[in-house]
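Heads up, the thing below is written out as structure tokens.
Values reported hereafter were calculated over all heavy atoms of this structure, with side chains retained and with hydrogens, waters and symmetry mates removed. In what follows, chains carry the letters A, B, and so on, assigned in the order in which the sequence lines appear, proteins first and then strands, with residues in each chain numbered from 1.
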Protein chains: 2
Amino acid sequence: MTTTRRPTRQQSAVMDALGSTRDFTSAQDLHAQLRESGEKVGLATVYRTLSSLADAGDVDVLRTGEGEAVYRKCSTGHHHHLVCRACGRTVEVEGPTVERWTDAVAAEHGFSDVAHTLEIFGTCGSCH
Amino acid sequence: MTTTRRPTRQQSAVMDALGSTRDFTSAQDLHAQLRESGEKVGLATVYRTLSSLADAGDVDVLRTGEGEAVYRKCSTGHHHHLVCRACGRTVEVEGPTVERWTDAVAAEHGFSDVAHTLEIFGTCGSCH
DNA sequence: AGCGTTTTGACAATCATTCTCATTCTGCTG
DNA sequence: CAGCAGAATGAGAATGATTGTCAAAACGCT
């Protein structure tokens, strides 16, 4: 079950690329960036690497309004994102309040194994 | 600019189909259902109708983990969803707590025009 | 009924993502 | 160090949802 992870040049290339941006990036963009910087990495590999990273919880994934998956290297632990819809600046936020609320609501309706997604969008100060 | 909306048979067919399920349904499924029940509606039309309904705020849209768009006719007003990941049963939930929290967090970081998405997934009592 | 516009529908075109599979690495092992 | 089995890669095909195209059909109005 434990997928044997074998470190490779292209995997670290993908991780470095991810680390160099602070904003959410799509697999396609990431692939383009890598090509430009001279790294030869196949598109399929970018996808594969990103999904294993995501599965392992090493990166955060969310979907744009158009359904495209975007990835971001984040601090560990459970948290949410406050994203500027103009410049894309992202702030990580955390709050026991929400966690408690979702758990309570779920319990109240007899749901277990609860998980949730929460993203906040707005216009940041500098873009206003 | 104000798109003149002209009522048609197929549009009401789509709306009826949406109204007959209480769970989130994809455009593809909706189209299949319509075909089965004898309604002749083109796939493109289903998509078009759904997006205008969504734009108008008459239906709620969210994305499955795989990025597929799913639609649901909902009560009006701002609310969130508690979805059973096994049977798909959906419960609408509402909570000033979260609304206040997101607004506060956003304000704290200088963000304005705040919007947010929040969905809760879990396993409901009967599926446990 | 007649007309200008909007909608429809069959199908082609996009686009992101996944699959296929032969080839290339990697980490051992002897 | 050479050899091996299994994992990873990459090029391109395949998939699947969604959108665009455009001629034909449906609407609302006169």
Task: B:H79 NE2: over 12 foreign heavy atoms closer than 6.0 Å - done: yes
Open item on the list: Can you list everything that forms a salt bridge (Lys or Arg N to Asp or Glu O under 4.0 Å) with A:E94? Sequence neighbours excluded, please.
Closed with: none
Open item on the list: Give the residues of residues 24-36 of chain B touching DNA chain C, defined as any heavy atom closer than 4.0 Å, sorted by residue number.
Closed with: none
Task: Any A:Q11 side-chain N or O less than 4.0 Å from OP1/OP2 of D:dT9 - done: yes
TODO: With sequence neighbours left out, write down each residue that passes side-chain hydrogen bond (donor to acceptor under 3.5 Å, both in side chains) with B:S37, or none if nothing qualifies.
DONE: none
TODO: Please name all residues satisfying salt bridge (Lys or Arg N to Asp or Glu O under 4.0 Å) with A:R63, sequence neighbours left out, ordered by chain then number.
DONE: none
- [ ] Could you check A:Q28 against A:Y47 for side-chain contact (heavy atoms from CB on, under 4.5 Å), going step by step and ending with a plain yes or no?
- [x] CA-CA 9 Å; A:Q28 304 277 348; A:Y47 274 103; 2.9 Å; yes
TODO: Identify, with sequence neighbours excluded, every residue that meets ring-ring contact (aromatic ring centres under 6.0 Å, His included) alongside B:F24.
DONE: B:H81
Open item on the list: Could you tell me how far apart A:R9 (CZ) and C:dG27 (P) are, to the nearest whole angstrom?
Closed with: 14 Å
- [ ] Not counting sequence neighbours, which residues clear salt bridge (Lys or Arg N to Asp or Glu O under 4.0 Å) with A:E92? List them please.
- [x] A:R72
Open item on the list: Among residues at least two apart in sequence or on other chains, which ones pass side-chain contact (heavy atoms from CB on, under 4.5 Å) with A:R35?
Closed with: A:H31
Task: Within residues 43-51 of chain B: residues closer than 4.0 Å to DNA chain C (heavy atoms) - done: B:A44, B:T45, B:R48
Task: Close residues, residues 59-73 of chain B, relative to DNA chain D [heavy-atom separation under 4.0 Å] - done: B:E68, B:A69
Open item on the list: Please tell me whether A:H128 and A:T123 have a donor and an acceptor in their side chains that are separated by less than 3.5 angstrom.
Closed with: no
Open item on the list: With a 4.0 Å cutoff (strictly under), does any side-chain N or O of B:T8 reach OP1 or OP2 of C:dT8?
Closed with: yes
TODO: Using the side-chain contact (heavy atoms from CB on, under 4.5 Å) rule, take A:T97 and B:T97 through it: C-alpha gap first, then chi angles, then the decisive distance, then the call.
DONE: CA-CA 8 Å; A:T97 315; B:T97 316; 3.9 Å; yes
Task: Net bend of the helix from C:dA1-D:dT30 to C:dG30-D:dC1, end axes of five pairs each, nearest 10 degrees - done: 30°
- [ ] Please state whether the phosphate of D:dG10, meaning OP1 or OP2, lies under 4.0 angstrom from any side-chain nitrogen or oxygen of A:Q10.
- [x] yes
TODO: For B:S52, check side-chain contact (heavy atoms from CB on, under 4.5 Å) against everything at least two apart and list the hits.
DONE: B:R5
Atom pairs and distances, donor-acceptor, side-chain atoms in residues 13-23 of chain A, under 3.5 Å, two or more places apart:
{"unit_1": "A:S20", "atom_1": "OG", "unit_2": "A:A17", "atom_2": "O", "d": "2.7"}
{"unit_1": "A:T21", "atom_1": "OG1", "unit_2": "A:A17", "atom_2": "O", "d": "3.4"}

Open item on the list: With heavy-atom distances below 4.5 Å as the criterion, would you say the side chains of A:H116 and B:H80 are in contact?
Closed with: no
